[in-house]
**Student:** 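Take a look at this one; I'll ask things after.
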Amino acid sequence: MKIVIDGELCQGSGECVLVCPFHAISLVDGRAVLNEALCDFDGLCIPACPHGAILLVED
């Protein structure tokens with residue numbers, strides 16, 4: 001499993017950035033970007049996104 005961010009759904013609200021304890025998500029040009037090297041895939045960011053742009057998908 002991995003976490004992906006749907007760039008079309010992301011509105012750049014930043015809630016995901018605030019809840020990530022590993023600083024694996026940043027905003028770039030108004031959109032959330034995931035650094036998979038820092039992510040531990042705990043999924044805290046998924047419910048934090050008010051736009052449903054963060055998904056847990058199979059590899």
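It should be emphasised that the depicted structure is a prediction, and the values quoted were computed from it without experimental measurement. In what follows, every heavy atom counts, from backbone to side chain, and hydrogens, waters and symmetry copies are set aside.
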**Student:** Any side-chain heavy atom of H51 within less than 4.5 Å of one from C10?
**Tutor:** no
**Student:** Working to the nearest 0.5 Å, report the span between NZ of K2 and CD of E58.
**Tutor:** 11.5 Å
**Student:** Measuring from R31:CZ to S13:OG, what's the distance to the nearest 0.5 Å?
**Tutor:** 10.5 Å
**Student:** Between atom CG of L18 and atom SG of C45, what is the distance when rounded to the nearest 0.5 Å?
**Tutor:** 12.0 Å
**Student:** Compare every heavy atom of P21 with every heavy atom of V19, then report the nearest pair and how far apart it is.
**Tutor:** O-CD, 3.0 Å
**Student:** Which pair of non-hydrogen atoms, one from C16 and one from A32, has the smallest distance, and what is that distance?
**Tutor:** SG-CB, 3.8 Å
**Student:** With a 4.5 Å limit on heavy-atom distance, are the side chains of P50 and E15 in contact?
**Tutor:** yes
**Student:** Give, for atom CG of D40 and atom SG of C20, the distance between the pair rounded to the nearest 0.5 Å.
**Tutor:** 7.5 Å
**Student:** Linking Ile, Leu, Val, Met, Phe, Trp and Tyr by side-chain heavy atoms under 4.5 Å, what else ends up with L27?
**Tutor:** M1, I3, I5, V17, I25, L34, F41, I46, I54, L56
**Student:** In the structure I gave you, are the side-chain heavy atoms of F22 and D42 within less than 4.5 Å of one another anywhere?
**Tutor:** yes
